[in-house]
There are 2 protein chains.
Amino acid sequence: MYQIDAMSRTPVYEQIADMTEKLVLSGVLKPNDMLPSVRSLSAELKTNPNTVQKAFTELDFRGIVRTVPGRGCFIRPDVFDALKKRAAAKLAELCRLCREIRAAGVPLEDITTEINKIYNGGEENGL
Amino acid sequence: MYQIDAMSRTPVYEQIADMTEKLVLSGVLKPNDMLPSVRSLSAELKTNPNTVQKAFTELDFRGIVRTVPGRGCFIRPDVFDALKKRAAAKLAELCRLCREIRAAGVPLEDITTEINKIYNGGEENGL
DNA sequence: TCTACTGTATTATCCGTATTAGTACAGTTG
DNA sequence: CAACTGTACTAATACGGATAATACAGTAGA
């Protein structure tokens, strides 16, 4: 279910968190589903339990999961609200970048054509 | 000419580099102009000469300046080509973000309306 | 040539943060 | 009580950023 690239520059705990988020987006993980335990997942990924825990803490911070001591880590019932907020934050970041690009003198058309390509281009969803 | 925010989370050397780039974009610095010397600028900004040197090295890497040992650090004659390449790189980064946002289920219209706001909104250029 | 400027290189130290790890503790369930 | 769950604490390591002191090398002008 999970797959980690140890050679990536993105930290392992972040890979786990991002992957979990995408598993929700793709419907593999649904609200109230329980995630693998800290120990089982760390064994599967051959990492330290604390690394997995940090991923869970990150997911908790993002509003994706709710962890219950002694019971486990569960996808929040309102996970899609959290995902919407995350998307909004990414959109804000995109706007920040866009202002920089505008300041660099790039015309609006250059941006819109690229974005249209992305939205028209095929069915790949990048998950 | 230069102004540094020591409390910012962006490193001083990066602030210097970014500011220099913007001074070119706004026409304050022109091709072949000489930048302040490492020592004078570090004195002015109350930083270490090495910090300024790192900024100059960064600007060299970006293709903004050409430093000549013994003479000084000068805005490259072809600086605007470098700026175009930098803008293209930023556009690529924007596209990467855009794919993420699309994967999160955000409709194309949400993005285009935000971007149109930025390009129609006033004359502020963020420099 | 001498002098005063320019950038460059080297080495070291300090600080803060990120990442991973080891170990022990605490809550829950049957 | 046993076996599972998450949690806290500490430590080792690495990295990035900034500072500092020094020394070196190229350039330009008096």
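Below, chains carry the letters A, B, ... as their sequence lines are ordered, and counting in each starts from 1.
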C:dT8 C1' sits how many Å from B:Phe61 CZ, rounded? 19 Å
Presence of B:Thr67 side-chain N/O under 4.0 Å of C:dG7 phosphate oxygens OP1/OP2: no
Just N and O in the side chain of A:Thr51: are any of them under 4.0 Å from OP1 or OP2 of C:dA21? yes
Between D:dA18, C:dT19, C:dT6, which nucleotide has the shortest distance from any of its atoms to the side chain of A:Tyr13? C:dT19
What nucleotide among D:dG6, C:dT20, C:dT19 has an atom nearest to a side-chain atom of A:Pro11? C:dT19
Could you give the side-chain donor-acceptor pairs of residues 66-75 of chain B under 3.5 Å, partners two or more places apart or in another chain?
| from | atom 1 | to | atom 2 | distance (Å) |
| --- | --- | --- | --- | --- |
| B:Thr67 | OG1 | B:Asp60 | OD2 | 3.4 |

Rounded to whole Å, how long is the line connecting atom CG of A:Leu35 with atom C1' of D:dG6? 13 Å
Mind calculating the distance between NZ (A:Lys46) and P (C:dT20) to the nearest angstrom? 16 Å
Using modelled atom types only, decide if a donor and an acceptor are shared between the side chain of B:Thr113 and the backbone of B:Asp110 within a distance under 3.5 Å. yes
Among side-chain atoms of A:Tyr2 and A:Thr20, is any donor-acceptor pair under 3.5 angstrom? yes
Separation of atom CD in B:Gln15 from atom P in D:dG17, rounded to whole Å: 12 Å
Nearest-nucleotide wise, let me know which of A:Gly70 and A:Glu14 is further upstream toward the 5' end of DNA chain C. A:Glu14
From D:dT19, D:dG17, C:dC25, pick the nucleotide closest to the side chain of B:Asn48? D:dT19
Given D:dG6, C:dT6, C:dA9, identify the nucleotide with an atom nearest to the side chain of B:Gln53. C:dA9
Could you check how far CZ of B:Arg66 sits from C1' of D:dT27, rounded to whole Å? 14 Å
Between B:Arg96 and B:Glu100, is there a salt bridge with N-O shorter than 4.0 Å? yes
Proximal nucleotide (of D:dA18, D:dT5, C:dT10) relative to the B:Asn50 side chain: C:dT10
Return the value, rounded to whole Å, for the distance between atom CZ of A:Arg39 and atom C1' of C:dG27. 12 Å
What integer distance in Å separates B:Leu45:CG from D:dA18:C1'? 14 Å
Where the side chain of B:Phe56 is defined as all heavy atoms beyond and including C-beta, which of C:dC25, C:dG7, D:dA18 is the nearest nucleotide? C:dG7
Nearest whole angstrom, please: distance from the C1' of C:dA21 to the CG of A:Leu41. 16 Å
First of A:Pro49 and A:Arg9 reached from the 5' end of DNA chain C, by closest nucleotide: A:Arg9
Given D:dT7, C:dG7, C:dT20, identify the nucleotide with an atom nearest to the side chain of A:Pro69. D:dT7
Side chain of B:Arg71 - closest among D:dA18, D:dA28, C:dG7: D:dA28
Determine the sole option in A:Leu59, A:Val24, A:Val79 for which the side chain to side chain contact (heavy atoms under 4.5 Å, CB included) test with A:Val65 is passed. A:Leu59
